[in-house]
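Take a look at the structure set out below.
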Amino acid sequence: MSEVLDRAESGRAVTGTMGAEVAALPPHMILMAEETRDGVPTYWVSRGQIIAVLKAVKAAGRLRMLFDLTAVDERQRQTRTPGLPDSDFTVVYQITSFDGPLDDLRLKVAVSADDPTLPTATVVWPNANWLEREAWDLMGVVFEGHPSLRRIMTPPTWVGHPLRKDHYARATERPPYTLSEDDVFREQEALQFKPEEWGMQRHSENSDFMFLNVGPNHPSVHGVFRVMLQLEGENIVDAVPDIGYHHRGAEKMAERQTWHSYIPYTDRVDYVGGVMNNFPYVMGVEKLAGITIPPRAQMIRIMLSEFFRLSSHLVFYGTMVQDLGQLSPVFYIFTDRERVFEIIEKICGFRMHPAFFRIGGVAMDLPKGWEGEVKAFLDYLPPRLAEYDKMVMQNPLFKARTKGVGIYSTEEAIDWGITGPGLRATGLEWDYRKKAPYSGYEHIPFEVPTAANGDCYDRAAVHIEEMRQSLKIIRFCLENMPEGPYKAEHPLAMPPPKPRTMHDIETLIHHFVGIGWGPMIPTGEVRSCIEATKGLNSYYLTSDGGGMSYRTRIRTPSFIHLQQLPLLARGASIADLIAIIGSIDFVMADVDR
Amino acid sequence: MWYVLVILVTVFGVLGVAALSTMLERRLLGFFQDRPGPNRVGPFGLLQVVADAIKMLFKHDWIPPFADKTIFVLAPIIGFLCVLLSFAVIPVTANWSVAGDLNVGLLFVFGMMGMAVYSVVLGGWSSNNKFALLGGMRAAAQMISYEVFMGLALMGVIMTTGSFALNDIVAAQSHCWFIIPQFLGAIIFLMAGIAETHRLPFDLPEGENELGAGFHTEYSGMKFGMFFLAEYAGVALISCLITTLYLGGWQGPLLPPVVWFVLKAGFLICFFILLRAALPRPRYDQLMAFGWKVLLPLSLLNTVVTGAILLLRASA
């Protein structure tokens, strides 16, 4: 079936071909096809038909994951392609395949500002729940039939929908904030916990339940994460996560920053992932601008990303073990992470958030003598990892705490949108770096570690094996680093080469405009995805031809993964919940953005 | 006069040891974990203990408005007193103990330990905090269960000696420390001791990664300080008991008895700290299952086998 889609060099489907699943549908269900810059088959569907189309696509059996669901406020578009359906808010569904070669499908539904409603997709994919809540909270699109359409990122008392174009972006765009006594009262009222509002019962036939509020400040919830537990003794009857405490409006900020100056913001989305966050963003912008990246820059990017994968997985390892009460490994592991940071600092000049990637390449060339540093580290880490295997992974108490705890199957994982190590721990060998190689991953030999049971222990084991693979990738980069420029020769590459500005007026003008206004990126939309530390991280960028992004949608793995927590927690004990939370590997900044 | 001196030295000795072992623990943990630990206050950071004591004494003595006031205040005092009183029967040397000849010395210690459970349970209960309550619940089940195995593990020693008085038990080890014939009992006693003092890996009543601080979540200032001191005094107590019961007490060649006693107990305290640095925490139900399904049969077996051997020997 997938042969219908020609495949481009990059591994992406080519524009203009009809997605097989969509081709099989009766023609009245599809309004029209749209050509997009990234070549993902894109179709407009009417509001009444969307659920039928989603069901048919899912039933066809290949496009199994609702990868993302978001909305775009189209009311201020200047350069929208003529002929597309009239739309105030466009709701976008991204669906991805997991069997065989990678395929994507993008479906769009137009809704008007007067009646921004459409039926809920939770009946087809369970993970549409949080995605729809987010689209409602931030964009004001109402999903009819949604089980619990409450605010998710903003507080329950928030007025308006922040991602709408007519909502202020900065405090200076609104009257000064005041908090009257009535407001204080109202806010406090809103904070009161009423189990019914969270979909929980106070009593069962035999017992009264105890409700335990874990977080937003708690030693083991990895940031400001709150989960309400309905307990019978120490056993969890139900768990309802509450997120949004770390929401900073990262997507809104993208609409107020130039394409170039937004790069440092991406660093802070998954704050232990560093430049890994720059990766999908700059790749997206480059795809929009049509910039080709020189091989050296590509390999520098891969090498740094793998260093950050190491750093992130080390944090995962240390904190998860610490959550289970083993106090010492976290100190050893953070010492190793320090070694990673030393190298990153020597290359980038910054430790955790270097913002080192640029549109068209990286910020600087590698420093002199980098090979020695990297080589020393490659010899340093493997024995340490072997030691932790003895200390942690082979420890009977650690096994007792993690084996058989928090199990989900491959089917459940795909249904809930789980990617990354969490998916591979269920036994599916699926890595974006292999399925749709980007930035030159196709040339690099490495293996995709998997496990079989999908429990907490397996998730930890996959993370650890991935560190060894990252070391392998880094060693390959060390031995095969190509010579050449570290940045593309393209007028839209940012910032333009400074030394030449003093010699020719053209470069000077570009430099001036590029720094002053930022580069003007051609109209279009693009989805760019990478295998990030925790799963698939994708940026869905819409450019209106301006110096700033029109809409930046950040699909982060943590947000999607956390939604599955209640499923894993039910029936477990509080201690198990801590193990599960540790094993999911999420970062709250990555969840809330 | 001598008697008063013994009491005073014991009380202040225990307090001093408890305070110093907080320091020792932090330094040792630092050593095990490749970091310095507290090394800034005074020579080798030794005055850290004093600084901590000053901080705790001068902290706002706060009782949460939702707590059950009387019990909330009483709980840490009970715990502290019980541990302190237990030391009365520990024979540091042949003639240095407050009540070493007490003919039910061992029973007295067990009685005090049984009372100490109240401290944790009541502290968790009266705080009116769900985390504290869960900690208190865990403590009740864990400590009462492990007291059973602890008592049973000791049966071997008592049967061999034929006495509850700790002085007699030490005297009975002049040829052979009980850890050799009673190895199984010693191991069970050690594990039960860890559970009894709720130290990592059996620190489930606190379980900081799950319950914040467990039963003492709402405590601060000196009331927290008493729980804190009671915990370390408890570690010292278990170490002293193991020394007395299994390691021949103050007996040893060349060095004076008191030095032997301190050396043995000190070694055990360090061992407790090493355990904390090394092991993760089991789950609550796993801990209970381990106790009832493994430790209980083993300790019964130990009792039966010891009894059989003694009978055989008597009849021979």
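In this text, all values refer to a predicted model and were calculated from it rather than measured experimentally. Chain identifiers are assigned alphabetically (A, B, ...) following the order of the sequence lines, protein sequences preceding nucleic acid strands; residue numbering begins at 1 within each chain.
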Using a 4.5 Å cut-off on heavy atoms from C-beta on, say whether the side chain of B:Lys130 contacts that of A:Leu231.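 No, side chains not in contact.
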
In Å and rounded to the nearest 0.5 Å, what is the CZ to CD distance from B:Arg138 to A:Glu234?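 Spacing of CZ (B:Arg138) from CD (A:Glu234) equals 4.0 Å.
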
Roughly how far, to the nearest 0.5 Å, is the CG atom of B:Asn129 from the CG atom of A:Leu212?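 With rounding to 0.5 Å, CG (A:Leu212) is 8.5 Å from CG (B:Asn129).
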
If I compare all heavy atoms of [X] with all of [Y], which pair ends up nearest, and what's the gap?
X	Y	answer
B:Pro282	A:Leu397	CB-CD2, 3.7 Å
A:Ser328	B:Ala277	OG-O, 2.6 Å
B:Gln33	A:Tyr332	CA-CE2, 3.8 Å

Given heavy-atom pairs under 4.5 angstrom as the criterion, report whether the side chain, backbone, both or neither of B:Arg276 touches chain A.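 Contact with chain A is through both the backbone and side chain of B:Arg276.
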
Go through the atoms of B:Arg283 and report whether side chain, backbone, both or neither lie under 4.5 Å from a heavy atom of chain A.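 Both backbone and side chain.
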
Taking A:Gln326 for the side chain and B:Ala278 for the main chain, is one N or O donor matched with an acceptor at less than 3.5 Å?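 Yes, A:Gln326 side chain to B:Ala278 backbone: donor-acceptor pair under 3.5 Å.
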
Name the option with the most non-hydrogen atom pairs under 4.5 Å to chain A; the candidates are B:Asp34, B:Leu133, B:Asp203, B:Asp285.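 Going by pairs under 4.5 Å, I would pick B:Asp34.
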
Side chain to side chain contact (heavy atoms under 4.5 Å, CB included) assessment of A:His218 paired with B:Phe131: CA-CA 11 Å; A:His218 184 274; B:Phe131 287 107; 4.1 Å; yes

What part of A:Leu327 gets closer than 4.5 Å to chain B, counting heavy atoms only: side chain, backbone, both or neither?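 Both parts, backbone and side chain.
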
Look at A:Ile574, A:Asp323, A:Asn217 and state which one has the largest set of heavy-atom pairs under 4.5 Å with chain B.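 Of the candidates given, the most pairs with chain B belong to A:Asp323.
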
